[in-house]
Amino acid sequence: MCGRASDAIDPTGYGPYEFSHIRIPWRKLYNISPGQEIRIARRVDGAPDHRYVRWGLVPFFAKAEPDQLPVWKFPTFNARSEELEQKASFRHTLKRQRCLVLINGFYEWTGEKGHKTPHYVFLPDYRPFALAGLWDRWTSKDGALELVSCTVLTRAAGDFVRALHSREPVILPEDRYDAWLDEGNANWQRVLKGGDEPPLQEYVVSGYLNRRGAEGPECILEERTRGN
DNA sequence: CCAGACGTTGTT
DNA sequence: GTCTGG
DNA sequence: CCAGACGTTGTT
DNA sequence: GTCTGG
């Protein structure tokens with residue numbers, strides 16, 4: 001899965017996009033959920049772009065009431081990387097609408113419903129990294145309304161995350177950012193695979209994360225049960 | 001032809 | 001059970 | 001992703 | 001918009 005993320009470390013200076021050389025005001029966020037805005041880097045007609053978009057891809061063909069944004073009722077905040085070409089909601093974005101979803105950690109849950117335990121998954125020093133994503137742009141017929149949105153690709157969990165869940169987001173190493181964003185690169189499947197496992201770390205955080213509107217450093221405080 | 005779907009994760 | 005809001 | 005709502009008439 | 005099912 002990957003249905004909750006943080007973007008809480010200033011990205012300045014990280015990565016070839018400098019996360020990115022097109023600067024936008026960065027929002028320090030510890031608890032980003034589907035439906036909210038998340039930060040991406042992409043190319044639009046070849047030109048680099050860096051912005052916030054809705055997390056949960058709304059296809060360009062979605063229907064909407066007059067003067068309203070569309071309501072897309074299928075969960076599209078994740079897309080299975082193995083089946084992209086068979087999915088009407090994502091297929092059309094593969095050629096020219098790839099993006100990097102820029103975060104510095106994500107959450108995974110263990111346990112039964114009603115007793116869900118959130119875990120925080122991140123890299124050494126909480127450093128920022130990029131997930132493979134796809135974006136789309138919906139516009140109203142009269143062109144007055146626009147909705148740019150994205151999805152995070154998932155894959156079978158690797159050795160580390162497998163202890164928590166069966167699926168995980170596709171993490172791109174820096175040396176693959178350009179290959180993923182390159183429209184000319186039809187061999188996108190290879191870009192998503194291979195490479196070393198990133199040196200992920202993980203710990204349990206408190207149930208504070210599950211509260212509506214939870215935000216701030218408390219979201220990633222390591223839970224210490226009993227003493228310590 | 002028209003109508004309806006278009007999805008994920010984690011399930012019983 | 002299913003949808004909405006965060 | 002999880003948590004919380006899920007409703008009407010007629011109102012303080 | 002495009003595909004599938006009837």
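By convention in this document, chain letters (A, B, ...) are assigned in the order of the sequence lines, proteins followed by strands, and residues within each chain are numbered from 1.
Rounded to a whole Å, the CD1 atom of A:Ile38 is 14 Å from the C1' atom of C:dG6. Counting to the nearest Å, the P atom of D:dA3 and the CZ atom of A:Arg4 are 8 Å from each other. The interatomic distance linking A:Trp55 (CH2) with B:dT8 (C1') rounds to 12 Å, in whole Å. For the pair A:Glu112 CD and B:dT9 C1', the interatomic distance rounds to 15 Å; values are reported in whole Å. The separation between A:Ile32 atom CD1 and D:dC2 atom C1' is 16 Å, rounded to whole Å. The separation between A:Glu108 atom CD and D:dC1 atom C1' is 9 Å, rounded to whole Å. If you measure from atom CD of A:Gln36 to atom P of C:dG6, you get 8 Å, rounded to the nearest angstrom. Computed from coordinates, the A:His165 NE2 to B:dT8 C1' distance equals 13 Å when rounded to whole Å.
Comparing the same atom, P, in C:dG6 and in B:dC1 gives a spacing of 44 Å after rounding to whole Å. On the P atoms, B:dG7 is 14 Å away from E:dG5, given to the nearest whole Å. Going from the C1' atom of B:dG10 to that of D:dC2 covers 14 Å, rounded to whole Å. Here, C:dC3 and D:dT9 have their P atoms 24 Å apart, quoted to the whole Å.
Contacts of A:Glu197 classified as salt bridge (Lys or Arg N to Asp or Glu O under 4.0 Å), with partners at least two apart in sequence or in another chain: none. Shown here are the side chain to side chain contact (heavy atoms under 4.5 Å, CB included) partners of A:Arg212, two or more places apart in sequence or in another chain: there are none. The side chain to side chain contact (heavy atoms under 4.5 Å, CB included) check on A:Gln189 picks up A:Glu85, with sequence neighbours excluded. For A:Arg27, the side chain to side chain contact (heavy atoms under 4.5 Å, CB included) partners at least two apart in sequence or on another chain are A:Leu29, A:Glu37, A:Tyr52. Taking A:Ala186 as the reference, nothing meets the side chain to side chain contact (heavy atoms under 4.5 Å, CB included) condition, with sequence neighbours excluded. A search for salt bridge (Lys or Arg N to Asp or Glu O under 4.0 Å) contacts involving A:Arg42 returns A:Asp49, not counting sequence neighbours.
Other members of the cluster containing A:Val71 do not exist, because no ILVMFWY side chain is joined to it at under 4.5 Å. Other residues sharing a hydrophobic cluster with A:Leu145 under the 4.5 Å side-chain heavy-atom criterion for ILVMFWY residues are A:Val58, A:Phe60, A:Phe61, A:Leu69, A:Trp72, A:Phe74, A:Trp138, A:Leu147.
Side-chain atoms of A:Trp55 come within 3.5 Å of backbone atoms of A:Phe77 as a donor-acceptor pair (strictly under, hydrogens ignored).
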Between the protein and nucleotides 5-7 of chain B, list every N/O to N/O distance that falls short of 3.5 Å.
{"from": "B:dC6", "atom 1": "O3'", "to": "A:Ser89", "atom 2": "OG", "distance (Å)": "3.0"}
{"from": "B:dG7", "atom 1": "OP1", "to": "A:Ala88", "atom 2": "N", "distance (Å)": "3.0"}
{"from": "B:dG7", "atom 1": "OP1", "to": "A:Ser89", "atom 2": "N", "distance (Å)": "3.0"}

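With pairs defined as Watson-Crick or G-U wobble and both atom distances under 3.5 Å, the stems of at least three pairs that touch DNA chain C come out as C:1-6 with D:1-6.
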Apply salt bridge (charged side-chain N to carboxylate O under 4.0 Å, His left out) to the pair A:Glu146 and A:Arg137, showing each step before the final yes or no.
CA-CA 7 Å; A:Glu146 176 186 74; A:Arg137 176 173 172 268; 2.5 Å; yes
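For residues 86-96 of chain A, the side-chain hydrogen bond (donor to acceptor under 3.5 Å, both in side chains) pairs, not counting sequence neighbours, are A:His92-A:Asp136, A:Arg96-A:Glu183.
Residues from residues 198-219 of chain A placing a heavy atom under 4.0 Å of any atom in DNA chain C, listed by number, are A:Arg212, A:Gly213.
Between A:Tyr120 and A:Phe106, the ring center distance fails the sub-6.0 Å criterion.
Taking 4.0 angstrom as the limit, A:Ser33 places none of its side-chain polar atoms (N or O) nearer than this to OP1 or OP2 of C:dG5.
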